[in-house]
Structure formats: structure tokens, C-alpha cells
Amino acid sequence: MLLGDCLPSAALFLSCCLPNLISNAVAFNSADANQLTQNFGQTGAQNHTVLDVGEIVFVIQSQSNSFHKKRAEDLKENILKQAAVISKKLPNVLFIDELEPRQSAWTIVPAIPYFADTYGRNSSWIFFCEEETIINLPKLLMTLQKFEKSKNWFLGKALHDEESTIIHHYAFTENPSAFKYPDFSAGWALSMPLVKSLSDILRQDPPSSDFTIDLKHEIALYIWKKLDGQELTHVKQFCSSASSKAAECATTFNSALPVCGSPVQKEDIFVAIKTCKKFHKDRIPVVKKTWERQAVHYEYYSDYADNTIPTTDLRIPNVERGHCGKTFAILERYMKLYIARTSWLIIVDDDTLISLPRLQKLLSCYNPHKAVFLGERYGYGLQAGGYNYITGGGGMVFSKEAVKKLMNSKCQCYSNDAPDDMVLGMCFSSLGITPTHSPLFHQARPTDYAKEYLAHQIPVSFHKHWNIDPVKVYYKWLAPEEEKPQHGQKNMKQEL
């Protein structure tokens, strides 16, 4: 029996439908059922309107890569199964990678007018979630029911910065913790009136930002600026990890490191480390103290041959920024010497901190015989036909097939100091190869991210040594468990 088979009054719903619904529900438990009953009764008595699941449009931050698309499809199936128990009117569940414009829909703002035009009349909420967000639909309905759907609402689990950070363009320098932005992994919601207001603004004043770096912060900032200080409302039922209060959660998040079988063998990964002579004595020792021993095939690429490391001189003059010439020389060398022996190439900076064992597990979910370009995704000029790219500092991962297609395309740097990661983004875009985003790669230091955001992550990389002890950062965030006690004993001996 479905909700639509009963008369619309709350009382009849409670007596007629709910017991039958509960017995067949997906992801319902007795506590959910009792609370749902109370919620419908209270709502009917107060304003005679019950939020129907069909009034929610779910938008999954999906990706075109087959592994990610399967995860998104599984989540969609779960949402629809839960909804079918509650109502005849099933919700719309959308994949963001299938919306237009394909290059930029993931940044949300370009899709706002579409949401307003297509769903503005019959929907009350747009609910955004990640592929691994776990949704308890009855509790989500109860949570959204608390907010008057005719008003502007921006709901989510609130994050804040402890200090001003480069990834947020040093916004709110005087008091960075005052500004709240949503943790996407917990899900976040916009009421339809707010969506319509944003749509009206966008038609008259399209966004002009060149770069998309940290979308969750940039979305909150855009809403705050365009809607007269509209702030994020923290919703405690939107959760990003299991806790003692998990029973209250309408959403949680699967924070386990994705594993799709046996980890990729370390012999199947080639690691290219970009450096230059001036950093040989301070940055390279950090790599050797931390993650170098995890690699089997690796080389340090420099502008100077130093046999004590050793480094390979690529005959590319060092430049202060960009390093495109060096990166493409690395790709050419990989094609000539290593592509027959390995399936994966990762290019990192000499101040990148990385866990190769975690990368081995992650890569088990991708096919090296398909063109895969993986890491932390940024966007450039997306409002004006730009492109996406994998930012270099956190590590750029290439399948052997991606390297082949790139090098056979003859796409090249326009100068040695062009930004290598952005040029690669342009090249892959021209080839129709979409970068695959993983939030486990990080362009910045742990201190540049909200504590609660990192709390539900198993990171693969961080970047930069500025104002930190990189060895301590590595052992805190990235080292295998078996290495940590040894490191602690060494430190204790040094202190004694």
C-alpha cells in the first residue's frame, strides 16, 4: 500500500497507511517510524501540509567515469526504493554530470536556472549530495519539514575556517570562523524560492570568477553576496560521520577509502618527482624520510644532475612558476622508458606529501586501459567555455592510456613556464577526456582545510611545507599504521 492510496488527511494516513508502509520500508527502523508518525501528526495539526518526497529534487554530484557513475546509480536506486514505500509520486534524481553545460554543471551555479525553470512549479527543495552520501529518507523528510518551504533557505552541515587560507582567497581574514559553508558530504539543500531568486540574478548578472577551487566555500560566498547576506543554516541532522548522535542523522557519509579489489601493485606505478637544484637540500630529504620507500619505480627530475639523490637533468631550464616544459619532458620520457612496464604515472612536486599505499587501493577502482586523469579538480573560466584540470600540487595521476592519447595528440606547452596542470586540462578537454575528481588529493596543507572536513577523510596527499613540519604532517595524516610506532620511538630517543 502506498501513501497515495489513502485519503489525504493526516489522521487517516496514520491509521491506514503508515503501519503497512513501515513493514515494507527500505532503511526504516522502529525509531524512524515512530518519529515519522509524530512528525506527520504535528505537521497536519499545525499547517495542514505534509512535505511529500516528490517535492524534493535530488542532485547527485556524479562523474562520467564508470566507477563513479556506478556509485551514483546505486545511490539513485536506494533513494527511489525508499521513496516508493512512502509515496506514489517519486522524486526526480539527477546526475550532475549529465546536465548542461557538461563542463561546468558540477559547479552548481550554471545549473540553477535549469532547476528553477524545470522544477520551480512542483518542487519545494533541491537536495545536493555526494555519491557516497547515505540518505535516510524518512528522517530527511522530517528534517526538511521543519523549514517553511515558501521562504529562502540554505541548509547544510556548517564548516568554518580556523584561519584565513589561500584556497579561500584569504576571505574573512579578520574573523574566518564567522563564515559558514556546507560540508557537501553530509548533503545540503536549497529551498525553491531561493533557487528562483538566484536564477533571476544569474540571468541579469552571470558570475565572473575565473577559478573554481573549493566549490563548497564559493557557493556559500556567492549566495551570501547575491542574496543580501543569506547565511547557511546549520542542520544537525545532516551528518558526515557516524557518532553517538547518529540516531538523529538524516544523512551520513561512507568515509572508507574506495577499494574495488586487490590494490594495484606498487611495481605498476611510476612516480615522477619534480624538483630543482635550489630545493635539493631541504625538500628532497623530506621525501626520503617519508614516502620515497613506498615507491619501486621513481625518478627525481631537476635542472641539475646530482648523483647523491640521484636526479635526472631533463635539460629544461628551471622557471619560477608553471613548469610546463618540465612536465611534458617527463611525459615524453615515461612514454619512451616506462609505459611498457607500468600502468600508472603520478607526477608530484618535491613538496607533495603522499600515501602511495592508499593510492594503490584507490587505483583498484580505475582501469588503466581507459583514459583516466585523476586528482583534485579545479575549474578555469567555466562560465565562459573554459575547462577543468587536475591541480598539480596534490599529485596528477595518469593511466597509461591517458598518457598515450595525450602524447599522440601533439598538444604542447605554449611556453616552458606555462602552468602545466592548466595546459594539461586544456589538452585533455580538447581530446574529450574528462578529469576525474577525488577529494582525497589536496593542493594545500591540512591547516588550510576545516577540521571537520578532514575528520571524515582518509587523505591520499597534501602539498606545501610552508609554516609546518612536513615530516610530522606526513606521520599524522598519511603514514601507514605500521610506520607510526617506529617514528614515535625515534622521536622519543631524540628527545631523551
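Below, all heavy atoms of this structure are taken into account, side chains as well, without hydrogens, waters or symmetry copies.
Contact of the Leu356 side chain with the Leu359 side chain is registered, since non-hydrogen atoms from C-beta on lie closer than 4.5 Å. Residues Leu478 and Trp291 fail the side-chain proximity criterion, which asks for heavy atoms closer than 4.5 Å. By the 4.5 Å heavy-atom criterion applied to side chains, Arg445 and Val473 are not counted as neighbours. At a threshold of 4.5 Å between non-hydrogen side-chain atoms, the residues Ile213 and Gln443 do not count as touching. Residues Ile468 and Phe462 fail the side-chain proximity criterion, which asks for heavy atoms closer than 4.5 Å. Contact check for Trp477 versus Leu353: no side-chain heavy atoms found under the 4.5 Å cut-off. Counting only heavy atoms from C-beta outward, the side chains of Ile135 and Phe58 approach each other to under 4.5 Å. Counting heavy atoms from C-beta on, the side chains of Ile346 and Ile269 come closer than 4.5 Å.
Partner Phe211 forms a ring pair (Phe, Tyr, Trp, His ring centres under 6.0 Å) with one of Tyr387, Tyr380, Tyr378 and no other, that one being Tyr380. With Asn78 as the fixed residue, the side chain to side chain donor-acceptor pair (under 3.5 Å) test singles out one of Gln82, Lys81, Lys76: Gln82. The one candidate from Arg102, Arg377, Lys69 that meets the salt bridge (Lys or Arg N to Asp or Glu O under 4.0 Å) condition with Asp97 is Lys69. Of the residues listed (Phe253, Trp188, Phe127), the one engaging Phe238 in a ring pair (Phe, Tyr, Trp, His ring centres under 6.0 Å) is Phe127, and it is the only one. Considering Thr391, Asp351, Asp448 as possible partners of His463, the one that fulfils the side chain to side chain donor-acceptor pair (under 3.5 Å) test is Asp351.
Checked by atom type and distance alone, the side chain of Ser364 pairs as donor or acceptor with a backbone atom of Cys260 at under 3.5 Å. A donor-acceptor pair under 3.5 Å links the side-chain atoms of Ser191 to the main chain of Trp153, judged by distance alone. With Ser461 contributing its side chain and Phe441 its backbone, the two residues share no donor-acceptor pair below 3.5 Å. Judged by distance alone, with hydrogens and angles left aside, the side-chain atoms of Arg358 form a donor-acceptor pair with the main-chain N or O of Pro459 at under 3.5 Å. Side-chain atoms of Glu248 never come within 3.5 Å of backbone atoms of Gln237 as a donor-acceptor pair (strictly under, hydrogens ignored). Using a distance-only test at 3.5 Å, with no hydrogens or angles considered, a donor-acceptor pair links the side chain of Thr143 to the main chain of Lys139. In terms of modelled atom types and a separation under 3.5 Å, the side chain of Thr251 and the main chain of Ala186 share a donor-acceptor contact. Side-chain atoms of Ser399 come within 3.5 Å of backbone N or O of Lys370 as a donor-acceptor pair. With hydrogens and angles disregarded, no donor-acceptor distance shorter than 3.5 Å links the side chain of His456 to the backbone of Ser255. Judged by distance alone, the side chain of Glu218 and the main-chain N or O of Thr212 form no donor-acceptor pair under 3.5 Å.
Scanning both residues, Val109 and Pro207, for their nearest heavy atoms gives CG1-CG, 3.8 Å. Considering every non-hydrogen atom in both Pro113 and Ser199, the closest pair reads CA-OG, 3.4 Å. Glu130 approaches Ser185 most closely through the heavy-atom pair CG-CA, 3.7 Å. For the pair Ile86 and Leu141, the tightest heavy-atom approach, listed with the atom from each and the gap, is CD1-CD1, 4.0 Å. The nearest pair of heavy atoms linking Tyr222 to Asp205 is OH-O, 4.0 Å. Between Tyr181 and Ala220, the shortest heavy-atom contact is CB-CB, 3.6 Å.
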Worksheet item: Going through the checks in order, is the side chain to side chain contact (heavy atoms under 4.5 Å, CB included) test met by Thr327 and Val423?
Response: CA-CA 10 Å; Thr327 295; Val423 171; over 6 Å; no
Fill in: Steps toward side chain to side chain contact (heavy atoms under 4.5 Å, CB included) verdict (Glu162, Lys451)
CA-CA 8 Å; Glu162 297 289 335; Lys451 287 181 179 179; 4.2 Å; yes
Practice prompt. Check the pair Leu232, Ile223 against side chain to side chain contact (heavy atoms under 4.5 Å, CB included), reporting the backbone distance first and the verdict last.
Written response: CA-CA 9 Å; Leu232 176 74; Ile223 292 172; over 6 Å; no
Worksheet item: For Glu132 and Arg71, what are the C-alpha separation, side-chain angles and deciding distance, and is it a side chain to side chain contact (heavy atoms under 4.5 Å, CB included)?
Response: CA-CA 7 Å; Glu132 288 295 284; Arg71 295 206 301 179; 3.1 Å; yes
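Side-chain contact check for His68 and Glu131: at least one donor-acceptor pair (N or O, by modelled atom type) lies under 3.5 Å. If you check the side chains of Gln457 and His442, you find a donor sitting under 3.5 Å from an acceptor.
Note that CG of Leu51 and NZ of Lys146 are 13.0 Å apart. Values are rounded to the nearest 0.5 Å. Summarising the geometry, atom NZ belonging to Lys196 is positioned 10.0 Å from atom CG belonging to Asp117; distances are rounded to the nearest 0.5 Å. Atom CD1 of Ile96 and atom OG of Ser104 lie 9.5 Å apart (nearest 0.5 Å). Put simply, OG1 on Thr447 and CG on Leu454 are 9.5 Å apart, with the number rounded to the nearest 0.5 Å. Here CG of Leu257 is found 8.5 Å from OG of Ser355. Values are rounded to the nearest 0.5 Å. From Asn388, atom CG reaches atom CG of Leu382 across 5.0 Å, with rounding to the nearest 0.5 Å.
Atom NZ of Lys361 is surrounded by 12 or fewer heavy atoms from other residues, nucleotides or ligands within 6.0 Å. Heavy atoms from other residues, nucleotides or ligands lying under 6.0 Å from CD of Gln383 number more than 12. Heavy-atom contacts from other residues, nucleotides or ligands closer than 6.0 Å to NZ of Lys89 number more than 12. Within a 6.0 Å radius of CG in Leu90, more than 12 heavy atoms belonging to other residues, nucleotides or ligands are found.
Judged by the 6.0 Å and 45° rule, Lys216 forms a cation-pi pair with Tyr453.
In terms of the disulfide (SG to SG under 2.5 Å) criterion, residue partners of Cys324 (sequence neighbours excluded) are, by chain and number, Cys413.
In this structure, Phe398 and Phe428 have tilted ring planes: the angle between them lies in the 30° to 60° band.
Between Phe184 and Phe128, the ring center distance fails the sub-6.0 Å criterion. Between His217 and Tyr449, the ring center distance fails the sub-6.0 Å criterion.
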